[in-house]
Amino acid sequence: IVILLFLVQTNFGGLLAHYTINPGSFYFPIVAKIIPYSWAKTWHLQLAIFWIATTWIGTALYLAPIIGGSEPRHQGLLVQVLFVAILVVAGGSLLGEIAGIKGLLGDWWFWMGHQGWEYLELGRLWQILLLVGLISWLVIVYRPVARHFKRGAKDEFSALVVFYIFSAILVVAFFGFGLMYGKGSHFTMADYWRWFVVHIWVESIFEFFGIAVISLILVSMGLASARAALTVAYFTAIIVFLSGILGTAHHYFWFGGPSFWLGLGAVFSSMEPVPLFGLVVRGMLEYKSIRKEGKEFPYKWPLYFIVASSFWNFLGAGVFGFLINLPIVNYYEHGTYLTMNHAHGALFGVYGMLSIGLLLFSWRGMVDKRQWNDRILKLSFFGFNGGLMGLTLGTLMPVGILQAWTSYKDGLWMARDAGFFERDFVLFLGTVRIIPDLAIIVLGVVPLAYFLFKTYPHLKAPEIREGESVWDRLGIKL
């Protein structure tokens with residue numbers, strides 16, 4: 001399901017790029033006739049959230065019995081029910097968005113269709129159901145994890161597990177802020193709460209959850225001690241809460257807040273990626289020591305994707321974000337391609353790569369090792385990262401710089417005018433963009449999809465029954 005959502009999402013991204021330089025047209029006219037720009041943009045954003053979130057949900061469900069030591073009775077049934085619920089909410093919201101855009105829902109557009117808010121496009125009913133589903137996910141994950149705490153362990157690993165559970169609770173809780181505005185709310189209030197979801201939820205709480213799950217993964221791989229991981233996790237929590245909440249303030253000016261928020265918010269927002277980069281570098285150094293010892297390392301490519309996430313956290317979220325958050329720059333560049341450059345480097349580069357790494361980590365434990373093919377994953381890895389590097393540095397950033405200069409010289413209205421996108425330089429880069437877009441899809445998503453579908457028939461048969469201790473079966477004394 002994840003890879004299918006991912007494939008559709010990236011193809012709609014390519015369609016959006018085509019519409020930018022060829023409005024209302026496509027190589028196959030029927031596509032442009034059926035799918036307007038608003039539909040393509042909505043699905044491109046919503047599917048990104050869905051496939052990333054689904055990966056995280058699945059990884060948490062995979063890790064929970066390992067942490068707890070056993071799988072509670074009826075856990076499998078609850079997981080299946082949650083899976084069906086996710087399909088219903090995702091499918092219903094996506095179809096509702098189409099119906100809302102097409103004007104087929106009348107006065108029900110807000111509840112069943114398209115709210116009209118970027119990143120929160122799904123209808124309010126689907127939004128509420130998604131929140132209920134996330135709460136159910138917390139309960140399902142906690143059932144096996146609770147058995148770990150019943151053993152009375154109070155070591156660093158247990159503290160790391162508590163940190164992980166707390167981060168998952170925050171992921172669910174902060175999504176709820178999207179319900180704080182209604183159909184008739186004033187723009188200033190509605191956008192305030194929307195940014196609580198878009199910035200604090202995505203850029204801060206996701207980072208909180210990300211460092212928690214990466215810490216658990218690295219400890220599980222034997223690449224970091226629980227003490228070291230926990231130290232970085234606590235440091236991250238301080239940075240995230242300090243920088244994330246205050247960092248959101250650089251958006252306040254644009255919906256009516258005082259101008260001093262531009263400066264204050266920019267400083268704190270730029271601090272967020274610091275600790276995550278350090279932990280994964282430590283993991284890579286320890287991985288090198290494993291290779292020198294000649295030991296086989298089965299999680300090579302899952303780790304590489306996690307390291308890529310850390311790299312893009314530094315470049316896409318940190319550097320690209322810092323460039324547009326500087327107060328005077330943000331005043332002129334807001335809403336330009338520099339913002340889009342940051343968005344792609346941060347959302348896809350950080351959370352996309354992390355999600356793929358988590359997916360492959362879980363998949364590695366479930367698939368017969370004889371069917372594992374590192375060469376396909378190597379192609380996918382370089383397809384994703386090479387394509388994203390070309391997309392950001394080769395197309396989005398140059399257009400963004402020109403757009404920001406136009407805004408500074410002639411005014412923001414000129415930089416956002418449709419005429420700007422008809423300039424020869426912009427049209428050229430928009431056309432060339434097909435190269436990195438195809439690299440991401442053809443060399444990245446397609447090989448990954450091929451790998452997953454090829455190995456799916458070779459999933460290991462369940463060897464441990466519900467209620468049976470994983471550790472007793474392995475002969476490990478706790």
Side chain proximity check, [X] to [Y], heavy atoms < 4.5 angstrom:
| X | Y | result |
| --- | --- | --- |
| Leu391 | Leu388 | yes |
| Pro23 | Tyr37 | no |
| Ile49 | Leu45 | no |
| Val2 | Phe50 | no |
| Ile30 | Ile34 | yes |
| Leu448 | Leu360 | yes |
| Ile1 | Phe83 | yes |
| Trp363 | Leu459 | yes |

How long is the straight-line distance from [atom2] of [Y] back to [atom1] of [X], given to the nearest 0.5 Å?
| X | Y | atom1 | atom2 | answer |
| --- | --- | --- | --- | --- |
| Leu396 | Ile401 | CG | CD1 | 11.0 Å |
| Met397 | Leu429 | CE | CG | 13.0 Å |
| Leu120 | Trp201 | CG | CH2 | 8.0 Å |
| His74 | Arg143 | NE2 | CZ | 8.0 Å |
| Phe420 | Thr406 | CZ | OG1 | 5.0 Å |
| Leu323 | Leu338 | CG | CG | 7.5 Å |

Tell me every residue that passes side chain to side chain contact (heavy atoms under 4.5 Å, CB included) with [X], counting only those two or more places apart in sequence or in another chain.
| X | value |
| --- | --- |
| Arg416 | Gln403, Leu412 |
| Leu129 | Val89, Leu125, Trp126 |
| Arg124 | Phe110, Trp111, Gln115, Gln127, Ile128, Leu179, Tyr181 |
| Ala85 | none |

[atom1]/[X]: more than 12 non-hydrogen atoms of other groups inside 6.0 Å:
| X | atom1 | value |
| --- | --- | --- |
| Ile434 | CD1 | no |
| Tyr456 | OH | no |
| His458 | NE2 | yes |
| Tyr331 | OH | no |
| Tyr450 | OH | no |

*When the aromatic ring centroids of His344 and Phe320 are compared, is their separation below 6.0 Å?*
no
### Output field: ring centroids Phe174/Phe177 closer than 6.0 Å
yes
Between [X] and [Y], what is the shortest heavy-atom contact and its length?
| X | Y | value |
| --- | --- | --- |
| Phe381 | Ala308 | CE1-CB, 3.8 Å |
| Gly76 | Glu71 | N-OE2, 4.1 Å |
| Gly387 | Pro436 | O-CB, 3.2 Å |
| Thr54 | Ile86 | OG1-CG2, 4.3 Å |
| Pro144 | Pro72 | CB-CD, 3.5 Å |

**Prompt:** For Val367 and Lys460, what are the C-alpha separation, side-chain angles and deciding distance, and is it a side chain to side chain contact (heavy atoms under 4.5 Å, CB included)?
**Reply:** CA-CA 6 Å; Val367 172; Lys460 299 175 183 176; over 6 Å; no
What verdict does the side chain to side chain contact (heavy atoms under 4.5 Å, CB included) test give for Tyr119 and Val197, after you've listed the backbone C-alpha separation in whole Å, the side-chain angles of each residue and the deciding distance to 0.1 Å? CA-CA 9 Å; Tyr119 289 102; Val197 176; over 6 Å; no
Could you list all the salt bridge (charged side-chain N to carboxylate O under 4.0 Å, His left out) pairs where at least one residue sits in [range], not counting sequence neighbours?
| range | result |
| --- | --- |
| residues 180-193 | Asp191-Arg194 |
| residues 441-458 | none |
| residues 425-453 | Arg433-Asp437 |
| residues 84-100 | none |

Can you tell me how the ring of [X] sits relative to the ring of [Y], calling it parallel under 30°, perpendicular over 60° and tilted otherwise?
| X | Y | value |
| --- | --- | --- |
| Trp301 | Tyr304 | perpendicular |
| Phe12 | Trp43 | tilted |
| Trp56 | Phe206 | tilted |

- ring pair (Phe, Tyr, Trp, His ring centres under 6.0 Å) partners of residues 386-411, not counting sequence neighbours, each pair once: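 Qualifying pairs: Tyr332-Tyr408, Trp405-Tyr408.
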Would you find a donor on one side and an acceptor on the other, under 3.5 Å apart, between the side chain of [X] and the backbone of [Y]?
| X | Y | value |
| --- | --- | --- |
| Asn11 | Leu7 | yes |
| Thr20 | Leu16 | yes |
| Ser362 | Leu358 | yes |

Please report, to 0.1 Å, the donor-acceptor pairs under 3.5 Å made by any side chain of residues 347-354, with sequence neighbours excluded.
| unit_1 | atom_1 | unit_2 | atom_2 | d |
| --- | --- | --- | --- | --- |
| Tyr351 | OH | Val202 | O | 2.8 |
| Tyr351 | OH | Glu207 | N | 3.4 |

Residues 130-141 side chain polar contacts: donor-acceptor under 3.5 Å, at least two apart:
| unit_1 | atom_1 | unit_2 | atom_2 | d |
| --- | --- | --- | --- | --- |
| Ser136 | OG | Val132 | O | 3.0 |
| Trp137 | NE1 | Ile57 | O | 3.4 |

* To do: Show the numbers, then the answer: is there a ring-ring contact (aromatic ring centres under 6.0 Å, His included) between Phe209 and Phe175?
  => CA-CA 13 Å; Phe209 182 81; Phe175 179 74; over 10 Å; no
Derivation and outcome, side chain to side chain contact (heavy atoms under 4.5 Å, CB included), residues Phe6 and Thr55:
CA-CA 11 Å; Phe6 190 15; Thr55 304; over 6 Å; no
In sequence, state the C-alpha distance, the side-chain angles, and the governing distance for Gln9 and Trp51, and then conclude on side chain to side chain contact (heavy atoms under 4.5 Å, CB included).
CA-CA 9 Å; Gln9 188 254 336; Trp51 79 260; 3.3 Å; yes
Glu118 meets the salt bridge (Lys or Arg N to Asp or Glu O under 4.0 Å) criterion, sequence neighbours left out, with Lys41
Going by atom types only, do Glu333 and Ser407 share a side-chain donor-acceptor pair under 3.5 Å?
no
